[in-house]
Each structure stands twice: as structure tokens, then as C-alpha cells.
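Okay, structure first, notes after.
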Amino acid sequence: MVREWDPRNASSAEIASLLDTLNAVLAADLPQDPPWRESSMREYLAEVMPGERRISWVAQAEPAADGSPGAILGHVHVLLLGDIGVLEVLVHPSERRTGLGRDLVLTAARRVYQEGFQSIGVEVVGDTPAVAFYESLGFSKEYVETRSVLDLSGVDWAELSEMATGISAGYHLQFHPGGPPDELIEAYARAKAEVRDVEDGELRPSSYDPQRLRDSLDCLHRRGMKPYIVLALHEQTGEVAGLTEVVVPVQHPTRADQYDTIVVQDHRGYGIDRAIKARMLMELRSAEAELTEVQTWNAQANEAMLKVNAELGYRPDREWCEYSIDVAELVHRLDAGR
């Protein structure tokens with residue numbers, strides 16, 4: 001049974017059941033990724049940025065003989081932002097090849113179509129069954145990134161410390177756990193707006209407006225995801241010359257997620273990119289006792305950042321692809337196949 005589902009008023013048992021399905025999918029498809037924890041899971045599923053909406057559905061087994069609710073075997077949500085609906089689907093490995101995944105996608109696609117959106121996008125992890133699944137539905141690959149993972153147990157911390165100080169004169173670094181101070185928000189936004197060669201894809205948009213940056217940071221905190229920021233400040237002007245962002249989710253605190261890394265065009269060539277990322281790792285070592293890994297995503301054409309990451313010890317892991325399709329085409333294709 002597929003039904004619309006709101007995590008804000010779901011039972012604790014439903015949240016736990018969905019988490020079990022998520023971890024079963026990770027164990028089957030990404031066995032080296034850490035399992036997720038229940039901490040702030042409800043908030044992670046419910047909280048969104050102002051102006052965005054997330055609509056969710058679950059596929060639930062029949063109630064047990066004792067009347068207790070059946071397990072959640074599948075879940076789909078669509079995030080409506082800008083002019084696209086961004087899809088995320090989970091199907092328990094035991095329920096694959098039963099048509100459940102197609103039913104979940106069709107349910108979400110119909111709503112996206114009714115809402116007046118023209119396209120649906122989805123992130124697809126390379127070398128998993130999701131690739132063949134979405135391609136069979138007519139999705140087309142639009143963008144490819146490489147995910148790389150740094151194992152902190154193999155880091156040469158003395159060498160990393162040298163990298164963190166390897167920045168030209170005229171710049172200094174600042175570390176801001178939780179987000180930059182408000183007096184730097186506008187300079188921070190200018191840096192993000194000027195250079196959009198970032199480590200995120202189009203389905204994970206960055207914020208370039210000062211107020212939206214504040215909202216984004218607030219949203220991360222509400223979802224149980226702690227941001228850490230390192231800034232390179234140009235001493236002569238006080239402007240943000242470079243920045244790097246890492247988020248440590250309470251749901252998987254042993255592995256952090258790299259967000260944007262940006263060096264403003266006029267300040268490139270002064271060692272800022274490597275220094276800010278090295279400084280970040282030094283700070284995380286002290287700030288997050290459980291942390292053992294950091295994962296990052298890079299466009300395959302971004303050779304400069306791939307080189308910096310390799311120097312820091314990151315190792316390529318998997319392709320991370322963005323697929324999309326016209327909503328009307330998807331609904332027609334799925335309806336015709338029923």
C-alpha cells in the first residue's frame with residue numbers, strides 16, 4: 001500500500017522502520033558507507049528551506065497478526081524547488097523487482113505533474129541497481145561527479161599542518177564552527193556568488209543571497225547537520241577570498257560531507273584552496289571525536305580541486321550522476337506500462 005506520509009506526525013515506529021530500510025539499502029548498494037542513526041531522523045526528513053516543499057509517500061506492509069503496523073518497505077519523496085522536482089526513492093532490497101519502485105516513482109511523478117513542474121531530476125549512484133532502473137524509465141544522464149573519500153586514520157597530520165599554513169602573505173584563515181558570524185555573511189555571500197565552480201551539483205543548490213545563506217544554515221541546524229566553515233580573508237580589503245564548508249550530520253557522525261569549496265578568481269594562485277581544506281581537517285580532528293572519514297564530490301573536469309584532494313589523501317570512490325526526464329513523458333511511460 002502506497003500512501004502519502006508526513007514525517008512530522010509519523011509514529012516513532014514508522015521512523016525507525018524507514019531507517020531500517022535505508023540501512024538495508026546502504027548495506028546492499030554502498031556497503032562501505034556508515035549506517036545511519038535515528039538521531040534527528042524525523043527532523044532530517046521534515047525540514048526544508050523557505051520556499052521549498054517536500055512531499056513524501058511510503059509503501060507499507062500489511063499489519064502484523066497482533067495488529068502492529070507493517071514495516072515500511074519503500075519510500076519516495078520529491079523536493080519541489082525552482083523549476084524542478086528532485087526525486088529520492090528507497091526500496092528495501094527484499095522488495096526489488098516487484099514493481100514497487102515504479103509505483104513509487106509514478107506516484108511522485110503524477111504529483112509533480114499536477115503541481116505544474118516540467119521536469120524531474122534524481123541523483124543516481126554509479127555501480128548500483130539504480131542506474132539500470134532509472135535508465136529503464138527513460139531518465140537521461142545530465143551530469144557526472146566523482147565522489148572521493150578521505151580516511152582520517154591514514155592522514156599525515158604533521159604534513160597536513162604544513163599545508164594549512166602554506167598560504168601567501170596578505171591572507172589569514174578563520175575557523176567558524178556552526179557558520180560564519182553575521183558580520184561576514186555579506187562578504188561570504190559575495191564570494192559564493194562570484195564563483196560557482198563548486199563541489200555540488202545542480203540538484204544540491206548553493207545559496208548566494210545573504211538572507212538565504214542565513215536560512216540555509218538555520219535549516220542545517222534544524223536537520224541535525226552541524227556546519228563548519230573555514231574562510232580565507234584578504235587582509236587589505238577584509239573580503240572573503242576563499243571558503244570551504246563541511247557538514248557533520250548527527251545521523252552519520254563518523255563520515256562528514258564536504259559542501260562548497262570556492263576561491264574567488266582574483267585570489268587564485270596563492271595556495272588558498274589547499275590551505276583552507278587542510279585547516280578544516282585539522283579543526284575537525286579536534287571538534288568531532290567520532291569522525292573517521294570525509295566525503296566530497298567533484299566535477300570530473302575540475303582538475304585543480306581533484307589535484308588538491310589527492311594531495312590531502314582523498315581517494316576516488318564512485319561516480320555520482322544526475323539524471324532527469326520530462327515529467328509528462330515519465331507519467332505517460334509509466335502509465336502505459338501498467
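Since we're looking at a predicted model, the values are computed, not measured.
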Inset, instruction - Answer yes or no on whether Arg3 is positioned over the face of Trp57, meaning its NZ or CZ is under 6.0 Å from the six-membered ring centre and within 45° of the axis. - result: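 Ring-cation test returns no.
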
A side-chain contact here means heavy atoms from C-beta on lying under 4.5 Å apart; do [X] and [Y] qualify?
| X | Y | value |
| --- | --- | --- |
| Val91 | Leu73 | no |
| Asn23 | Pro35 | yes |
| Pro69 | Gln60 | yes |
| Arg53 | Val48 | no |
| Ser40 | Gln251 | yes |
| Leu184 | Gln174 | yes |
| Leu152 | Trp157 | yes |
| Leu79 | Glu52 | yes |

If the threshold is 4.0 Å, N to carboxylate O, is there a salt bridge linking [X] and [Y]?
| X | Y | result |
| --- | --- | --- |
| Lys141 | Glu322 | no |
| Asp218 | Arg212 | no |
| Arg8 | Glu14 | no |
| Arg222 | Glu47 | yes |
| Glu303 | Lys307 | no |
| Arg110 | Glu115 | no |
| Asp182 | Arg214 | yes |

Heavy-atom pair of closest approach, residues [X] and [Y]:
| X | Y | answer |
| --- | --- | --- |
| Gly179 | Leu217 | CA-CD2, 4.2 Å |
| Ala256 | Val248 | CB-CG2, 3.8 Å |
| Ala299 | Tyr143 | CB-OH, 3.4 Å |
| Gly242 | Ile272 | CA-CG2, 4.1 Å |
| Leu330 | Ile120 | CD2-CD1, 4.1 Å |
| Ala191 | Ile262 | O-CG2, 3.7 Å |

hydrophobic_cluster_shared for [Y] and [X], side chain cutoff 4.5 Å:
| X | Y | value |
| --- | --- | --- |
| Leu30 | Tyr44 | yes |
| Tyr228 | Val250 | no |
| Leu306 | Val294 | no |
| Tyr323 | Val144 | no |
| Val149 | Trp36 | no |

Distance (rounded to the nearest 0.5 Å) between [X] [atom1] and [Y] [atom2]:
| X | Y | atom1 | atom2 | answer |
| --- | --- | --- | --- | --- |
| Asp317 | Thr146 | CG | OG1 | 9.5 Å |
| His252 | Arg37 | NE2 | CZ | 10.5 Å |
| Ser161 | Arg279 | OG | CZ | 10.0 Å |
| Glu95 | Leu90 | CD | CG | 13.5 Å |
| Arg255 | Asp151 | CZ | CG | 9.5 Å |
| Asp326 | His332 | CG | NE2 | 11.5 Å |

Inset, instruction - Verify whether the ring centers belonging to Tyr134 and Phe139 lie closer than 6.0 Å. - result: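 Yes, close enough.
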
Legend entry - Whether over 12 other heavy atoms sit under 6.0 Å from Tyr113 OH: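 No, the 6.0 Å shell around OH holds no more than 12 heavy atoms from other groups.
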
Inset, instruction - Could you tell me whether Gln32 atom CD has more than 12 heavy atoms of other residues or ligands within 6.0 Å of it? - result: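 No, CD of Gln32 has 12 or fewer neighbouring heavy atoms, counting only those of other groups under 6.0 Å.
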
Inset, instruction - Check whether the side chains of Gln265 and His267 place a donor and an acceptor atom closer than 3.5 Å, and report yes or no. - result: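 There is no such pair between these side chains.
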
For [X] and [Y], indicate whether the former's side chain and the latter's backbone hold a donor-acceptor pair under 3.5 Å.
| X | Y | answer |
| --- | --- | --- |
| Glu290 | Pro253 | no |
| Thr244 | Ile276 | no |
| Arg268 | Val263 | yes |
| Thr296 | Gln258 | no |
| Gln118 | Asp83 | no |

Inset, instruction - Could you go through the salt bridge (Lys or Arg N to Asp or Glu O under 4.0 Å) check for Asp33 and Arg147 one step at a time? - result: CA-CA 12 Å; Asp33 282 28; Arg147 184 179 77 167; 3.0 Å; yes

Inset, instruction - Sort out for me which residue in Met282, Met280, Lys277 forms a side chain to side chain contact (heavy atoms under 4.5 Å, CB included) with Val230. - result: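 The side chain to side chain contact (heavy atoms under 4.5 Å, CB included) with Val230 is passed solely by Met280 among Met282, Met280, Lys277.
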
Legend entry - Passing candidate, side chain to side chain contact (heavy atoms under 4.5 Å, CB included) with Tyr188, options Glu186, Arg190, Lys192: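 Only match with Tyr188 under side chain to side chain contact (heavy atoms under 4.5 Å, CB included): Lys192.
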
Inset, instruction - Apply side chain to side chain contact (heavy atoms under 4.5 Å, CB included) to the pair Thr261 and Leu243, showing each step before the final yes or no. - result: CA-CA 6 Å; Thr261 296; Leu243 61 96; over 6 Å; no

Inset, instruction - I would like to know whether Trp320 and Gln295 meet side chain to side chain contact (heavy atoms under 4.5 Å, CB included); could you show each step before the answer? - result: CA-CA 12 Å; Trp320 222 262; Gln295 59 186 359; 5.7 Å; no

Legend entry - Intermediate values then yes/no, side chain to side chain contact (heavy atoms under 4.5 Å, CB included), Trp5 and Leu18: CA-CA 11 Å; Trp5 184 78; Leu18 176 57; 3.7 Å; yes

Inset, instruction - Could you walk me through whether Trp297 and Asp257 pass side chain to side chain contact (heavy atoms under 4.5 Å, CB included), step by step? - result: CA-CA 9 Å; Trp297 293 263; Asp257 298 326; 3.9 Å; yes

Inset, instruction - For the residue pair Tyr171 and Tyr270, categorise the inter-ring angle as parallel (less than 30°), tilted (30 to 60°) or perpendicular (more than 60°). - result: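 The rings of Tyr171 and Tyr270 sit tilted, inter-plane angle from 30° to 60°.
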
